[in-house]
Amino acid sequence: MGLWDSLLNWLRSLFFKQEMELSLVGLQNAGKTSLVNAVATGGYSEDMIPTVGWIQYEESYKRKCDNKALGSWRAAEISKHVGALLSWVSAILYVVDAADRDSVPISRSELHDLLVKPSLSGIPLLVLGNKIDRSEALSKQALVDQLGLESITDREVSAI
Ligand SMILES: Nc1nc2c(ncn2[C@@H]2O[C@H](COP(=O)(O)OP(=O)(O)OP(=O)(O)O)[C@@H](O)[C@H]2O)c(=O)[nH]1
Ligand SMILES: [Mg+2]
């Protein structure tokens, strides 16, 4: 099953809604834009440029799929600025580069900083392990362990 099918199945298991607002968050270079492009167009391009700003996808992707994506923030900005903005979303999709093992501890710390925001209380979390086509990518269980997902008990949490 593809990543997108797994994602949809997870969303359907939680919500009856046909349309919902999603936020796509992750460290720089995690693959957020690639994922949104793949969902919106079915395509993948290696020639990606870093995203500047965070809202630029909203209109273009809204028309092509039911979900909005929030683009991206730099790593240090995730926990500082995004919390209040995300309070209206149905679910948080947290993208992690599973092949960049050095960045996983940073990703863990940013994720946990984000989830303590009172405005995000209870919002379901889906962690997307990206770049699993690369040989150095962590397994799903290793990612779950290294991100400390089992310690998150105040919301629905899943990883694919
Ligand atoms: N091997 C591999 N590379 C990927 C995958 N997804 C994305 N990439 C590559 O990772 C790099 C970063 O991808 P982006 O989609 O721009 O990442 P981003 O999270 O949007 O990055 P910022 O906008 O800078 O925060 C690009 O070179 C992509 O081609 C994947 O599943 N596998
Ligand atoms: Mg991007």
Side-chain angles (χ1 to χ4, degrees), residues 1-11 20-115 117 120 123-149 157-160:
M1 190 188 300
L3 192 65
W4 182 239
D5 289 330
S6 303
L7 167 60
L8 283 181
N9 283 344
W10 180 76
L11 291 169
M20 64 187 74
E21 316 276 329
L22 301 173
S23 64
L24 193 68
V25 183
L27 298 188
Q28 184 179 355
N29 203 48
K32 301 174 294 296
T33 304
S34 300
L35 185 64
V36 173
N37 281 343
V39 169
T41 68
Y44 170 71
S45 164
E46 287 189 3
D47 299 327
M48 301 299 301
I49 53 168
T51 304
V52 177
W54 59 276
I55 200 81
Q56 68 191 60
Y57 304 125
E58 186 173 341
E59 287 308 317
S60 56
Y61 291 108
K62 184 168 66 167
R63 285 194 294 272
K64 292 182 176 168
C65 60
D66 290 341
N67 311 313
K68 288 182 185 178
L70 274 186
S72 55
W73 289 78
R74 302 291 170 217
E77 296 172 344
I78 291 177
S79 56
K80 282 192 226 152
H81 303 299
V82 178
L85 292 172
L86 297 185
S87 58
W88 43 269
V89 300
S90 299
I92 298 168
L93 312 183
Y94 194 76
V95 185
V96 181
D97 182 344
D100 184 1
R101 294 176 177 227
D102 291 344
S103 76
V104 174
I106 305 167
S107 196
R108 172 189 177 126
S109 130
E110 291 294 335
L111 173 63
H112 287 264
D113 283 356
L114 184 66
L115 296 183
K117 303 273 180 207
L120 301 186
I123 296 181
L125 168 73
L126 179 64
V127 173
L128 300 159
N130 200 29
K131 307 195 190 179
I132 52 172
D133 55 296
R134 296 182 58 173
S135 59
E136 63 272 38
L138 291 168
S139 68
K140 180 172 149 185
Q141 188 57 51
L143 207 55
V144 167
D145 293 343
Q146 293 190 25
L147 292 172
L149 299 187
V157 181
S158 191
I160 55 176

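First listed ligand is number 1; within each ligand, the first listed atom is number 1.
Between the side chain of Lys32 and the backbone N or O of Leu24 there is no donor-acceptor pair closer than 3.5 Å. Put simply, the side chain of Asn130 never gets that close to the backbone of Val95: no donor and acceptor are under 3.5 Å apart.
At a heavy-atom distance under 4.0 Å, atoms from both the backbone and the side chain of Thr33 approach ligand 1.
Here is the list of ligand 1 atoms found below 4.0 Å of a heavy atom in Gly31: 7 (C), 13 (O), 14 (P), 15 (O), 17 (O), 18 (P), 19 (O). Proximity to Lys131 (heavy-atom distance under 4.0 Å) selects the following atoms of ligand 1: 2 (C), 3 (N), 4 (C), 5 (C), 7 (C), 8 (N), 9 (C), 10 (O), 11 (C), 30 (C), 31 (O), 32 (N). Listed by number with element, the atoms of ligand 1 under 4.0 Å from a non-hydrogen atom of Arg134 are 1 (N). Near Asp133, the atoms of ligand 1 lying under 4.0 angstrom from a non-hydrogen atom of the residue are 1 (N), 2 (C), 30 (C), 31 (O), 32 (N).
No side-chain heavy atom of Asp97 sits less than 4.5 Å from a side-chain heavy atom of Leu27. Between Leu125 and Ile92, the closest side-chain pair of non-hydrogen atoms falls below 4.5 Å.
The side-chain contact (heavy atoms from CB on, under 4.5 Å) test with Leu111 singles out one residue from Leu149, Val96, Val25, and that residue is Leu149.
For a threshold of 3.5 Å applied to N or O pairs, the pair formed by Ala30 and ligand 1 contains at least one separation below that value.
Of the listed residues (Asn29, Leu24, Val95), the one carrying the non-hydrogen atom nearest atom 12 (C) of ligand 1 is Asn29.
Scanning both residues, Ala98 and Leu143, for their nearest heavy atoms gives CB-CD2, 4.2 Å.
When distances to the Mg ion (ligand 2) are checked against a cut-off of 2.8 Å, Thr33 contributes an N, O or S atom below that limit.
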